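Everything quoted here is computed from the prediction, not taken from an experiment. Letters go in sequence order (proteins before strands), and every chain restarts at 1.
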Amino acid sequence: MEYNFRDIEKKWQAHWKESGAYKVSNESSKPKFYVLDMFPYPSGAGLHVGHPLGYIASDIYSRFKRLKGFNVLHPMGYDAFGLPAEQYAIEHGVHPAKSTAQNIDNFRGQLDNIGFCFDWDREVRTCEPGYYKWTQWIFLQLFNSFYNRLTQKAESLTLLVVEFENNGNAKHECPGDGSIKFTAEKWKAFSEKEKQDILMNYRLAFCGYGEVNWCEALGTVLANDEVVNGVSERGGHPVVKKKLRQWYLRITEYADRLLSGLDTIEFSEAMKEMQTNWIGKSYGAEIDFVIVSRQSLDVNAKPSTHNSPLTVYTTRPDTIFGVDFMVVAPEHELIEKITTPDQKQAVEEYITYVKSRSDRERQAEKKISGCFTGAYAVNPFNQKQIPIWISEYVLAGYGTGAIMGVPCGDERDHRFAKHFNIPISNIIGEHYNGVDANPTKDAKLENSEFLNGVVMRDAIAIVNEKLEEMGIGKKKVNYKMRDAAFSRQRYWGEPFPIVWKDGIAYPLDEKELPLLLPEVESYSPGPDGEGPLANISDWKNQYASLLLPGEGQDGVTGGVLETNTMPGYAGSSWYFLRYMDPHNNETFCDRKVSDYWNQVDLYIGGTEHAVGHLLYSRMWTKALCDLGHISFDEPFRKLLNQGMIQGSSRFVYRLKGTNKFVSHGLLDGAAYKIEDTDPIRVDVNFVDGVELDIETFKKWRNGEYAAAEFILDAGKYICGSEVEKMSKSKFNTVNPDELVNKFGADTFRMYEMFLGPVDQSKPWDTKGIEGVHRFLKKLWRLFFDEIKGKVWNEEKATPEELKVLHRCIKKIEDDTERYSFNTAVSGFMICVNELADLKCNKREVLESLLIMLTPYAPHISEELWGALGNKGSVLDAGYPKFEEKYVIESSKEYPVSINGKVRTNITLPLDITQAEVDPIVIANEVVQKWLEGKEPKKIIFVKGKMINVVI
RNA sequence: GCCCUGGUGGUGGAAUUGGUAGACACGCAGGACUUAAAAUCCUGUUCGCCGCAACGCGAGUGCGGGUUCAAUUCCCGCCUGGGGCACCA
């Protein structure tokens, strides 16, 4: 009887499906445990071997917890709205709903092959009306709420309106525009439109204006991904930034709670650091500078003083006397007013240049660029005139969009000053060497008038106080994080349940949800940068006769639907809640059910979501909690980041202008140079290691290379290789289906784990999979012999065998618990190797081994479990209990080092003391040899570890 | 540019992070079984030196310094691969 994995896996997968083995109930006497994967976007390319890495890890952990007696929720679904499906539709005319459904079917088939224990009855798809109804509903909750800074939580907007009617907004500073101030009387006097405009500045989901990548030729807004080197990926048309009306989520109001919440959850320190840096809380000051500039071409004309000051944000007000220039963002609204006539043209040209550049390009640019406006800011303390420049490295979205340049203390400012020959003032004496800026806070200030001699750190408060006295500055907490853009001018996303009438956004009534996405004829954009929905007048006017709520009126009609759609992260911000109660039509998730399942106990996914999805879903959870819909305000108790499986691409090298391919090893410059060749990627699936299968290559791509000639190295063609992202276009993807078919799901699962630590990125290499497959065959032979058949027996286990078993129990349990799945697989191998060496085929030992193996290789475990005569499923067999008594040793072989280098070993009893050790060590022959008759300076004895003799 | 992260034999990795560097696999080499192959089993395998071998010696965890009885692990400075940077998901 041999290990026939194909039949075994098919049989048990069908059986588990039929018996509902993975169905999870919302009611159980067992403790709950919620294991979640980041759900996939169902792309047309299907799964490659990188996708299942996290799913296998979570599957193992779920099964492990189940064996340990938990009621485990382990669901799966699809993040199904998004740009790629829409692009596919534009190119092929296939409706996104259709291509998405096909892709999902394909994914599902691939996932099923691997034998996951998902409860598929709970599947969610974010693009289905039954799901996005509740995405829209949650949007309305955010729309109808504001963040009460006094109570530090989201509250209903109706409470705010009552407050305005009684007290105006004195207690509630307007987060959208701090300059909005009004009394109760004024509030009551406002028109409906004025009131609504003010309320929009408070809403957690609000409408405003923001910059997008605008492609005039395509008449559409482009995602960053669709812009390559400043032009559109499709067609290569120019792309500029343009302001459009956009929806936003006021995530900045949650900045502090998103920071403090990190203390309550188990994310890696790196992840917490990334989120902290993204939020970017800083303490500084805003300082107003008077601006003077000459508004005439006549060089002798008197400069005029401007009404509006230049407001800069700085974290270092202490360096105020070191300011040698100001830099404002090219988008800054003052530029137009302050630029002098002689600088006008240069400034305009520079702004045009910047318009074509993305924020990223602007920050990454090594070349320093900028333009002088001709205007000056006046230092309030010594009246020094400071030139005002514009430069792309200052972004409009952060702080006030203007900074003060202190070259001696800031590296970027320093480079800027050097580049434009701006004289550098030194305010830190010997701490500045004239070559590099020094960002210290510990130097004593010089050339700083009333601050001379004061340590910079202490000067900050002094300057702030003075500025406040003078009424030209105030302390300010700033965040790098901006409010989250929440609308897309696209088709394939959730429609907003919002009706516009006379510039007022009216929310649809809940009973109108879901607001269905209509069928469209074409996916091309609507007019003026609107999305495709703007072209469907029937759809957008469907509520034209609906009575909209109007203050003190009978209501208004004639509203037009919002034609933007929501972004991809809308549906993924709350999906973990829907899994709990996926079929509920009354609410997004029954409160009793969410109280039971509560937080996700283990969330597994890649770091690429560090600052997107993981911040948004944290915010949504906090808002839902504040509004009383759920009882917890952090969604994920523990996050495990899986590493990325990279592709290892293979290259062949064709001599330029020929059809000759040179083996990689020969490109050392002796006969051939790599520069004389065109490197061409070849499909990794016909390269064995680095050796090319020439015959297959010749047949590849319909015989494109059929006539190729090869210059071989020792009879072989050796390919070059490079590690990069796994992608179809790079011919480096490996499909799990083929591996599962060849080796079985159990082998595949264990091999993915064996590859290395789950949280580490690594290139895929199929080569080692044989070793894991051999291991499973070896395990099988502990039960069945090809010739003899059954070999397992009922004999009693020896102490030695029990030692092997219990060492394994401890190892597997510890390793699984700490997500060290690769070492656990090695632990299984060691155990099976040892049992084989001991010729142990005893049921008593093997049975426990099978239970431990179940999370990793469920099919073979279930099969052998049955073969041992067990009635029930191994899925619910109790986890074996580790017993210390079987593994206790009485002595240990200590390594003995001389000056830190191991020279010999001595076996000593475990309970020995240092005093007893010393003479034994000194008496040792090898130690004697190294001592050469001298006394050791010191003998270090670390109990249970090692001995070191210092000579 | 900014933020995060990794670098250990021919290869993936181990050492649960101050305490025997290279577990477990892959690959490779040699051998057993076989008419043969597959499968399986056994032996060896960090590098260098001496040697028939055992033993022994030296070097060694990206590079250069440092702390320590002891450093893959801690500190400082470099080099380099990967991920993210706000409309891919």
Taking syn as any angle within 90 degrees of 0 and anti as the rest, which one fits B/G27? anti

Proximal nucleotide (of B/C88, B/U20, B/C4) relative to the A/Pro895 side chain: B/U20

Using Watson-Crick geometry (N1-N3 plus N6-O4 or O6-N4) or G-U wobble (N1-O2, O6-N3), each under 3.5 Å, B/A15 is paired with none

d(NZ, A/Lys901; C1', B/G56) in whole Å: 14 Å

Distance between P atoms of B/G12 and B/G31 (Å, rounded): 29 Å

Quantified in whole Å, what is the P atom distance between nucleotide B/G22 and nucleotide B/A15? 13 Å

Looking at A/Lys777, I'd like to know whether one of its side-chain N or O atoms comes within less than 4.0 Å of OP1 or OP2 on B/U40. yes

When the P atoms of B/C47 and B/A53 are considered, how many whole Å apart are they? 15 Å

Pairwise P distance for B/C24 and B/G18, with rounding to whole Å: 25 Å

Could you work out the separation of B/G65 and B/C28 based on their P atoms and round it to a whole Å? 39 Å

Does the separation of the ring centres of A/Phe39 and A/Tyr575 fall below 6.0 angstrom? yes

Between A/Arg488 and B/C87, does any side-chain N or O lie under 4.0 Å from OP1 or OP2? yes

Looking at the side chain of A/Arg360, which of B/U40, B/G83, B/C85 is the nearest nucleotide? B/C85

A/Gln760 side chain near B/G13 phosphate (N/O to OP1/OP2, under 4.0 Å): yes

Strictly under 4.0 angstrom, non-hydrogen atoms only: write out the protein contact profile of nucleotides 22-33 of chain B, one letter per nucleotide from the 5' end, B, S or -. -BBSSS------

Quick one: on RNA chain B, does A/Glu269 or A/Arg781 contact a more 5' nucleotide (nearest heavy atom)? A/Glu269

Look at the aromatic rings of A/Tyr856 and A/Phe828 and report parallel, tilted or perpendicular, splitting at 30° and 60°. perpendicular

Taking for A/Lys929 and for A/Val212 the nucleotide of RNA chain B with the nearest heavy atom, the one nearer the 5' end belongs to A/Lys929

Would you indicate, yes or no, if B/C57 has its OP1 or OP2 atom less than 4.0 angstrom from a side-chain nitrogen or oxygen of A/Arg903? yes

